[in-house]
Amino acid sequence: MFITLEGIEGCGKTTQTHLLANWLRENKFSVVLTYEPGDTDLGNSIRSLILDSHIDLSPNTELFLYLADRIEHVRKVIKPALKGGKIVLCDRYHDATIVYQGYGRGISTEFIKSCFDFLDFPLPDLTLLLDCPVEIGLSRIKGRRWNRLEKEGIDFHRRVRKGYLNLAKEEEKRIKIIDATRPIHLIQEDIRKIVKELLI
Ligand SMILES: Nc1ncnc2c1ncn2[C@@H]1O[C@H](COP(=O)(O)OP(=O)(O)OP(=O)(O)O)[C@@H](O)[C@H]1O
Ligand SMILES: [Mg+2]
């Protein structure tokens, strides 16, 4: 089973992914916890290029760096884990490319989707979209050093949020919207309910 967690900066993806992994492991499931960009040797180098706000990148360069990262990630981490019968939990995946490089940077979302088809990226069985207003997400990461994408203006982040909500409308069966403005444990409760249904 392949589960992805998505949402704007600071919505709580990493927090919730770890809590979900702990719960699944307590229940004797074999879990591979991973993230994008960067969870391979090559991906780690690509991640520093993508997120370093001092390096000037065109939107297309940014897109193709994300795709290169995903090719390696799918090949080296995701596909082997799925083949081995593991539950794969991935903190950001292909929806993020559609909303950040598509809705955010203005690259055709149709073109991005055609790249996914060509590259044969596996589709998640479930995507948990942690939704909250941009102001709330960004206020939660205030204390951190911000990367290239986090440093974008508020309108960029609003387009990203709207993009995620549009995707959820287009793919109601796969993408579940979760109200991420609430306390961490209540969000996790909802996530576990949804995942439990899928596991039965
Ligand atoms: N529901 C919540 N309510 C309040 N604070 C939260 C909540 N969820 C997470 N946080 C806090 O907000 C910060 C960001 O959370 P987290 O790193 O999980 O978000 P993220 O979506 O992974 O962010 P990024 O997009 O930067 O990777 C952390 O300090 C975390 O403890
Ligand atoms: Mg995170």
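Small disclaimer: the values here were computed from a predicted structure and weren't measured. Computed over heavy atoms, backbone and side chain alike; hydrogens, waters and symmetry mates excluded. Each ligand, and each atom within it, is numbered from 1 in the order the structure gives.
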### Query
So does Glu26 pair up with Arg192, basic N to acidic O under 4.0 Å?
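Looking at Arg192 together with Glu26, the answer is no, because their closest N to O distance does not fall below 4.0 Å.
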
### Salt-bridge criterion met for Glu9 and Arg148 (N-O under 4.0 Å)
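Between Arg148 and Glu9 there is no salt bridge, as every charged N stays at least 4.0 Å from the carboxylate O atoms.
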
Identify each donor-acceptor pair in which a side-chain atom of residues 41-50 lies under 3.5 Å from a protein atom, sequence neighbours left out, and give them as a table.
residue	atom	partner	partner atom	Å
Arg47	NH1	Pro37	O	2.6
Ser48	OG	Asn44	O	3.3
Ser48	OG	Ser45	O	3.0

### Query
Got the closest protein heavy atom to atom 7 (C) of ligand 1, with its distance?
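Result: Ile184 CG1, 3.4 Å.
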
### Query
Taking both backbone and side chain into account, is any N, O or S atom of Thr15 nearer than 2.8 Å to the Mg ion (ligand 2)?
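It does not: Thr15 brings no N, O or S atom closer than 2.8 Å to the Mg ion (ligand 2).
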
### Query
What are the atoms of ligand 1, with element, lying closer than 4.0 Å to any heavy atom of Thr15?
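Within the 4.0 Å cut-off of Thr15, ligand 1 contributes 9 (C), 15 (O), 16 (P), 18 (O), 30 (C).
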
### Query
Between Gln16 and ligand 1, which part of the residue brings a heavy atom under 4.0 Å of the ligand: side chain, backbone, both or neither?
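For Gln16, there is no contact with ligand 1 at all, from either part.
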
### Query
Under 3.5 Å between some N or O of ligand 1 and some N or O of Cys11?
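Looking only at distances, the answer is yes, because the N/O contact criterion of under 3.5 Å is met.
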
### Task
Kindly determine whether Gln101 and Tyr66 satisfy side-chain hydrogen bond (donor to acceptor under 3.5 Å, both in side chains), including the steps that lead there.
CA-CA 9 Å; Gln101 282 66 53; Tyr66 272 106; 4.7 Å; no

### Query
Do we see a donor-acceptor contact under 3.5 Å between the side chains of Thr97 and Arg70?
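A donor-acceptor contact under 3.5 Å links the two side chains.
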
#### Entry: Modelled atom types, side-chain donor and acceptor of Lys151 and Ser53, under 3.5 Å
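Yes, Ser53 and Lys151 have a side-chain donor paired with an acceptor closer than 3.5 Å.
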
### Query
If you measure from atom 14 (C) of ligand 1 to every heavy atom of Glu9, Arg144, Lys13, which option wins on shortest distance?
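Result: the heavy atom closest to atom 14 (C) of ligand 1 is in Arg144.
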
### Query
Who's closest to atom 29 (O) of ligand 1 heavy-atom-wise, of Lys142, Arg182, Arg140?
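The residue whose heavy atom sits nearest atom 29 (O) of ligand 1 is Arg140.
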
